[in-house]
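These notes are about the structure you will find just below.
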Amino acid sequence: NYRVKGPDGEVLLEVDQNKNFYFNSISYHKQELIIFKDYFTVTEDSEVGIYTLELFLDNPLLNKKTKLVKEFEVLEEAGH
């Protein structure tokens, strides 16, 4: 599950795929790198400012949950 919030804190995109993504791998390491990729479209009408991505991770085998929060900035295009 993940969501994108605009500069004013309003939720612009919310994807609720609860327990819909599975990662199956044998590991001998304490930590693994898992790459997650999706697209968020920014148009000329999008508000300039700091946006927030919240990614929710759930490991039912370990009964662990965590949330990653990452901010990114949308700037005005040069010449506008």
Side-chain angles (χ1 to χ4, degrees):
N1 299 336
Y2 58 97
R3 72 171 63 115
V4 176
K5 294 181 180 179
D8 60 358
E10 177 185 355
V11 175
L12 302 174
L13 172 68
E14 184 146 21
V15 177
D16 185 5
Q17 296 290 322
N18 196 15
K19 298 182 177 132
N20 238 7
F21 297 100
Y22 296 95
F23 182 78
N24 188 9
S25 177
I26 295 173
S27 174
Y28 301 100
H29 305 285
K30 186 174 181 176
Q31 294 182 344
E32 289 291 337
L33 176 65
I34 300 172
I35 297 173
F36 171 82
K37 184 190 233 183
D38 204 348
Y39 298 93
F40 176 68
T41 303
V42 177
T43 67
E44 291 180 6
D45 297 332
S46 296
E47 188 175 348
V48 172
I50 304 293
Y51 287 69
T52 305
L53 168 68
E54 296 177 342
L55 176 64
F56 304 94
L57 301 171
D58 181 14
N59 185 333
L61 296 175
L62 299 176
N63 197 27
K64 300 261 183 180
K65 295 181 181 184
T66 191
K67 177 172 80 169
L68 169 90
V69 178
K70 182 73 176 174
E71 292 183 337
F72 60 96
E73 187 172 9
V74 173
L75 302 171
E76 188 173 329
E77 187 176 350
H80 287 112

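Below, all heavy atoms of this structure are taken into account, side chains as well, without hydrogens, waters or symmetry copies.
Rounding to the nearest 0.5 Å places CD of E47 at 12.0 Å from CD of E76. To the nearest 0.5 Å, atom CD1 of residue I50 and atom CG of residue L75 are 8.0 Å apart. Here the CG atom belonging to L12 is positioned 11.5 Å from the CG atom belonging to L53, to the nearest 0.5 angstrom.
In this structure, D8 places its CG atom where more than 12 heavy-atom neighbours from other residues, nucleotides or ligands lie under 6.0 Å away.
Qualifying side-chain contact (heavy atoms from CB on, under 4.5 Å) partners for T43, counting only residues two or more places apart in sequence or in other chains: T41, D45, S46. Checked against side chain to side chain donor-acceptor pair (under 3.5 Å), E54 has the following partners two or more places apart in sequence or in another chain: R3, K5. In this structure L13 satisfies the side-chain contact (heavy atoms from CB on, under 4.5 Å) test together with Y2, V4, V15, F40, sequence neighbours excluded.
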Contacts table for residues 64-74: side-chain donor-acceptor under 3.5 angstrom, sequence neighbours left out:
none

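Neither V11 nor Y51 shares a network with the other; the hydrophobic side chains, linked directly or stepwise wherever heavy atoms of I, L, V, M, F, W or Y lie under 4.5 Å apart, form separate groups for each.
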